[in-house]
Amino acid sequence: MKTAITKNKPGGVAAVLRSSQLASLALLLVIFVVVGLVPTMTQGYVVTLISYMLRYAILALAWMIFSGPTGYMSLATAAFYGLGFYMAAIFSGRMPFPVIVIVAGVVGFLVALGVGGLTLRLKGVYFAIFTFALVLLVQSVVLEVERLVTHTRGRFVQTTSVSTAYYAMFVVLVLTVVVGVLIRRSRYGLALQSIGEYEEAAAHSGINVVRTKVLTFAVTAVFMGMAGAVFATQRTYIDPYIAFDLNQSFLPVVMAMFGGMGLLMGPVIGAALFTEIQEQLQTRFPNVFLLIVGAVLILAIVFMPNGILGLAQQAWGKIRGRRTARRVGVETGGG
Amino acid sequence: MAILTDIVIPGLLLGGIFALVSVGLSLQYGVARVLNVAHGEFIMVGAFVTFWLLNSVNLNPLVSLVVSAPLVFVLGLILHTTLFRRLMDTSPSLDIFEGRSMLASFGLLYVVQNIARIIWGSSPHNVLFLNRSVTSAQIPLNRLVALAVVIVVGVIFYFFLAWTRLGKAIRASAQDPTTAGLMGVNIHTVLAICFGLGLAMAGIAGTLITTLFSIDTAMGLQYTVIAMIVVVLGGLGSISGAMIGGVILGLVSSLVTYFQPSWTNIAYYVIFVALLLARPKGIMGKA
């Protein structure tokens with residue numbers, strides 16, 4: 001296997017890294033197989049729950065692939081996701097399901113390409129505000145188009161079976177993970193990282209800053225659109241308020257932070273846990289459910305800014321640190 | 001003449017409210033560096049405190065300003081000292097703080113809105129105070145009163161910033177918090193006060209909105225969006241920019257509503273997008 005980036009670390013550490021990489025690869029494979037087999041083992045709620053988790057994992061991961069390294073806080077997730085909903089509604093019954101999902105991805109890509117090309121020269125908080133407004137803009141436009149052109153309010157979507165949607169989500173997530181890994185391991189990922197650290201310096205060292213940013217933004221929008229198209233088939237009716245819901249922009253960000261943004265695993269873990277917490281709260285405290293979600297969100301940001309992975313790394317660092325300290329002590333004592 | 005009475009005057013009156021809402025947000029972002037997504041929720045709190053005082057003790061909405069504004073101000077102080085100060089201390093850089101504080105304020109949006117829904121329910125209420133027209137131009141009295149309040153608040157705030165010691169400290173902290181801190185400004189207190197003042201303006205706007213429009217506990221977000229657009233229009237962190245931006249957006253709203261009411265939202269965003277692309281630092285923004 002060719003490793004794209006070899007970091008200058010001493011040989012011993014590299015060997016350890018490789019074996020731990022192998023271990024995590026194996027773990028990933030096991031998780032994939034288990035998750036892939038779930039619909040054959042059980043039915044009903046568990047399958048639905050996991051497909052919700054997969055959906056948020058896609059959104060959170062896709063969000064992080066772009067916003068994590070570059071530091072551009074995108075709140076446009078719901079726009080691409082909602083467009084996916086509408087693609088599913090418009091083409092439902094006219095095209096086979098996989099084609100619809102691909103079309104939704106392509107539409108997400110093209111819209112993100114346009115939006116990104118126009119706005120990615122905005123810095124920091126301006127970009128966040130712009131993407132925030134984009135969702136509402138698309139929502140208002142779709143509402144008006146429905147009112148004036150099609151004279152409808154909302155649309156019906158042909159449903160697919162729960163397990164079809166599940167597998168579709170699963171495939172999209174696998175694609176997202178693969179693309180995430182590829183980007184991270186390539187020169188491209190390094191370019192993104194350096195844009196996040198110091199954009200001008202990145203430009204001066206020969207990175208085509210605009211193209212890198214816009215392309216990544218558009219690629220991540222593909223998965224958001226696909227996730228939307230798949231999820232739309234799980235509800236029979238959609239309208240602009242359901243499709244372009246700002247919560248779907250914020251929640252993936254929260255989940256990515258909740259999991260931790262150091263590794264690609266983080267958003268997936270965050271999405272799974274947060275979805276489970278949400279489901280539990282929703283069934284147990286339907287009235288104050290969103291209140292608690294808000295409180296959990298604030299507490300998570302205040303007390304674990306680096307997410308669950310950050311906490312784990314901290315704990316692991318402490319254990320390792322103690323171990324190293326002991327070894328160093330023995331060596332100096334023996335020498 | 002019809003243009004004047006149907007578009008310009010209502011636009012200016014509406015613009016006053018928008019300006020007040022936006023100055024609050026601008027103050028929070030410009031000095032305390034919190035892009036408060038929950039800003040509109042505090043407008044809602046101000047509105048419902050007014051509504052509640054009117055219903056329970058029959059308090060005049062204009063008098064209830066002296067309750068709603070300080071109440072929301074104190075809420076802001078508490079929030080800043082407990083939540084945002086902590087975030088500021090633990091964040092490695094200002095960019096990261098801005099991101100985290102925005103997400104935290106999103107959590108706040110959920111919390112405030114749902115507490116309000118539990119207390120006041122989710123049905124809309126129509127208070128409409130002083131809803132009779134004066135002069136031959138058919139301008140509702142409540143809109144004039146609201147504009148007067150906005151102007152008074154604006155003038156007081158301007159002189160507060162320009163003449164008082166605390167105002168000077170706020171301006172210094174907006175320019176350079178570190179240096180202001182070195183010059184003996186208690187930066188944490190100043191930031192908390194700014195955040196609180198920003199919310200207090202939201203509270204005042206909420207009270208005024210109660211006298212003008214129907215209110216419900218989900219009304220916050222629409223005002224947050226308006227405030228964000230206005231603030232970017234005027235230049236992030238610029239108080240005078242927020243005032244001008246508010247008036248411009250009020251006029252636009254009034255103009256579009258006159259011809260095609262359902263396009264108002266789209267017009268907001270189109271202006272917003274166009275401005276962000278043409279001049280992202282805003283009308284009065286620096287660098």
Side-chain angles (χ1 to χ4, degrees), chain A residues 67 71-73 75 115 117-119 121-145 147-148 196-197 246-247 249-251 253-254 256-258 261 285 287-306, chain B residues 29 33 35 37-38 41 79 82-84 86-87 90-118 221-222 224-225 228-229 231-232 236-237 260 262-270 272-273 275-277 280-282 285:
Chain A
S67 293
Y72 280 78
M73 168 86 81
L75 294 174
V115 170
L118 281 173
T119 61
R121 58 204 183 95
L122 299 173
K123 292 255 165 70
V125 78
Y126 284 100
F127 181 71
I129 296 180
F130 181 88
T131 48
F132 174 85
L134 178 74
V135 177
L136 299 166
L137 172 64
V138 177
Q139 185 190 65
S140 312
V141 170
V142 174
L143 265 174
E144 272 309 288
V145 169
R147 197 178 67 86
L148 294 174
E197 269 161 30
L246 266 182
N247 289 335
S249 281
F250 276 98
L251 285 178
V253 183
V254 170
M257 280 189 81
F258 192 71
M261 311 220 308
F285 315 99
N287 274 321
V288 290
F289 143 69
L290 281 171
L291 174 65
I292 304 177
V293 168
V296 167
L297 204 165
I298 294 173
L299 291 177
I301 292 166
V302 172
F303 291 107
M304 37 182 238
N306 296 319
Chain B
Y29 181 75
R33 293 279 153 185
L35 187 66
V37 185
E41 305 312 313
L79 275 175
T82 53
L83 175 61
F84 293 111
R86 211 191 146 95
L87 281 179
T90 52
S91 298
S93 75
L94 198 59
D95 281 343
I96 294 177
F97 170 70
E98 284 181 3
R100 283 181 187 167
S101 60
M102 187 177 79
L103 283 182
S105 73
F106 179 67
L108 211 56
L109 184 156
Y110 274 153
V111 172
V112 175
Q113 190 178 333
N114 284 287
I115 290 176
R117 190 177 48 80
I118 290 164
L221 191 64
Q222 82 190 73
T224 307
V225 171
M228 282 199 178
I229 293 176
V231 163
V232 172
L236 271 179
Q260 179 59 272
S262 60
W263 287 7
T264 322
N265 272 333
I266 297 179
Y268 288 166
Y269 298 127
V270 168
F272 182 56
V273 170
L275 191 102
L276 263 182
L277 297 176
K281 55 185 184 255

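We name chains A, B, ... by the order of the sequence lines, and we start the count at 1 in each one.
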(request) Look at Val231(B), Leu87(B), Val37(B) and state which one has the largest set of heavy-atom pairs under 4.5 Å with chain A. (result) Leu87(B)
(request) Check each atom of Tyr268(B) against the heavy atoms of chain A and say whether the ones under 4.5 Å are side chain, backbone, both or neither. (result) neither
(message) With a 4.5 angstrom heavy-atom cut-off, is it the side chain or the backbone of Phe289(A) that approaches chain B, or both, or neither?
(response) neither
(message) In the structure I gave you, are the side-chain heavy atoms of Met228(B) and Phe272(B) within less than 4.5 Å of one another anywhere?
(response) no
(message) Quick check on Leu291(A) against chain B: is it the side chain, the backbone, both or neither that has a heavy atom closer than 4.5 Å?
(response) both
(request) For chain B, find which of Leu136(A), Val141(A), Val302(A) contributes the most heavy-atom pairs closer than 4.5 angstrom. (result) Leu136(A)
(message) Under 4.5 Å from any heavy atom of chain A, what part of Leu221(B) do you find: side chain, backbone, both or neither?
(response) side chain
(message) Please list all pairs meeting side chain to side chain donor-acceptor pair (under 3.5 Å) that have one or both residues in residues 128-144 of chain A, counting only residues at least two apart or in different chains.
(response) Glu144(A)-Arg147(A), Glu144(A)-Ser262(B), Glu144(A)-Trp263(B)
(message) At a 4.5 Å cut-off on heavy atoms, which part of Gln260(B) comes close to chain A: side chain, backbone, both, or neither?
(response) side chain
(message) Does any part of the side chain of Ser91(B), heavy atoms only, come nearer than 4.5 Å to the side chain of Arg100(B), both counted from C-beta?
(response) yes
(request) Please examine the side chains of Tyr110(B) and Asn247(A), heavy atoms only from C-beta on, and report whether any two atoms are closer than 4.5 Å. (result) yes
(request) Could you tell me which residues satisfy side-chain hydrogen bond (donor to acceptor under 3.5 Å, both in side chains) with Ser105(B), sequence neighbours excluded, listed by chain and number? (result) none
(message) Need one label for Phe303(A): side chain, backbone, both or neither, based on atoms under 4.5 Å from any heavy atom in chain B.
(response) side chain
